[in-house]
Amino acid sequence: MQQELEQLESAALDELARVSELSQLEAWRVQYLGKKSALTAVLRSLSSLSSDERKVIGARANSVKESLQNSLATRKETLSLESLDESLGASAIDVTLPGRPLPHGRLHPTTQVMGEICSVFAGMGFQIIEGPEVERDYYNFEALNIPETHPARDMFATLWVDAREDRNARLLRTHTSPMQIRLMEQQKPPLRFVVPGRTYRYEATDATHEWMFHQVEGLAIDVDITLRDLKETLFEFCKKVFGRDTGVRFRCDYFPFVEPGGEVAIECVSCKGAGCRLCGGTGWLEILGCGMVHPDVLSRCGIDPSVHSGFAFGMGVERVSILRHGIDDIRHFYSDDFRFLRQF
Ligand code: DAH
């Protein structure tokens with residue numbers, strides 16, 4: 001019997017070492033420690049032995065049982081750890097790895113340039129305000145000294161919302177200048193505003209024309225504002241946006257709502273003034289229209305031109321962007337081509 005126990009123990013332990021899955025351990029336990037196992041049979045038969053034999057065999061059988069139970073517990077722990085290792089290995093996260101880059105959007109080049117223009121003027125004390133894109137004939141034309149029969153209407157091919165014969169007709173604003181009127185009607189001087197926004201013209205599109213584009217309008221009204229303030233402000237703006245070394249030119253021009261009217265040009269960014277295709281051989285690139293607000297416009301808005309004066313200006317945002325980046329076709333801006341947009 002003694003020998004039988006020895007064999008039983010070593011067979012059981014051999015077998016246990018070969019068990020490689022947690023799920024197989026229960027079958028092993030039933031076989032070697034269960035009610036119908038050889039070991040249990042030995043323990044049951046102890047009562048039929050003589051007391052001397054019972055002491056020896058009983059002690060040995062119990063120590064075998066204990067050894068098998070301990071070995072089972074140890075094996076169970078080992079296998080559990082192994083399987084935990086495996087599942088961790090499959091799903092482990094290496095926290096030292098760099099993060100995956102997230103695709104992120106960016107501001108449209110027009111939005112970027114418009115923001116830049118506005119922040120230069122904000123730095124000079126101008127407030128930023130927006131206005132309606134659907135305007136009345138009165139604000140877009142009449143109040144700006146462009147009555148129905150005025151030839152200057154030809155400068156602005158208009159997209160009408162209502163029949164144009166209607167005096168109160170709505171249209172898509174052809175420039176941001178109507179906001180000059182709205183601001184002067186609503187607030188008393190001193191006024192200092194820039195107005196960024198969309199504008200529309202009934203235009204066939206080509207490399208230099210779009211039917212929708214952006215402008216930034218400026219208006220400053222106070223006592224004692226002179227042409228010198230206008231030039232100073234716009235020259236400083238040009239130097240900030242195009243660089244201190246860029247030449248700036250001021251010339252007279254005509255717009256019905258200003259007197260005198262002017263035009264600001266910068267030295268050609270491509271040929272530096274020598275003359276090339278971009279500047280049409282002149283060496284200069286026009287970037288904005290401006291002038292001293294016409295006395296009739298001031299009066300119409302309830303501002304006394306003998307007390308107050310002011311200047312106004314308006315520029316095309318895409319034009320500034322085109323000159324800054326050397327873009328060859330205005331249609332690139334709104335054709336949604338990522339190859340173009342990703343460069344900004
Ligand atoms: N509104 C004019 C245009 O779209 C530009 C302009 C010229 C605006 C002179 C002004 C100005 O404020 O004083 O062509």
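Note that the structure is a prediction, hence the values are computed from the model and not measured. Read the numbers this way: they start at 1 and go in the same order the structure lists the ligands and their atoms. Note that the numbering runs from 1 along the sequence shown for the chain.
- The pair Arg182-Glu135 counts as a salt bridge, with a side-chain nitrogen and a carboxylate oxygen less than 4.0 angstrom apart.
- Ion pairing of Arg249 with Glu263 is present here, as a side-chain N (NZ or NE/NH1/NH2) and a carboxylate O approach within less than 4.0 Å.
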Does ligand 1 have any N/O pairs with the protein under 3.5 Å, and how far apart?
residue, atom, partner, partner atom, Å
ligand 1, 1 (N), His175, ND1, 2.9
ligand 1, 1 (N), Ser177, OG, 2.9
ligand 1, 4 (O), Arg201, NH2, 3.1
ligand 1, 4 (O), Gln215, NE2, 3.0
ligand 1, 12 (O), Gln180, NE2, 3.0
ligand 1, 12 (O), Glu217, OE2, 2.6
ligand 1, 12 (O), Phe313, N, 3.2
ligand 1, 12 (O), Phe313, O, 3.3
ligand 1, 13 (O), Ala312, O, 3.2

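- For Phe333 and Phe340, the gap between ring centers is short of 6.0 Å.
- Ring-plane geometry between Phe141 and Phe156 is classed as tilted, the angle between the planes lying from 30 to 60 degrees on a 0 to 90 degree scale.
- Crowding of Lys36 atom NZ: a count of heavy atoms from other residues, nucleotides or ligands under 6.0 Å not exceeding 12.
- Hydrophobic clustering (side-chain heavy atoms under 4.5 Å, transitive across Ile, Leu, Val, Met, Phe, Trp, Tyr) keeps Leu183 apart from Met124.
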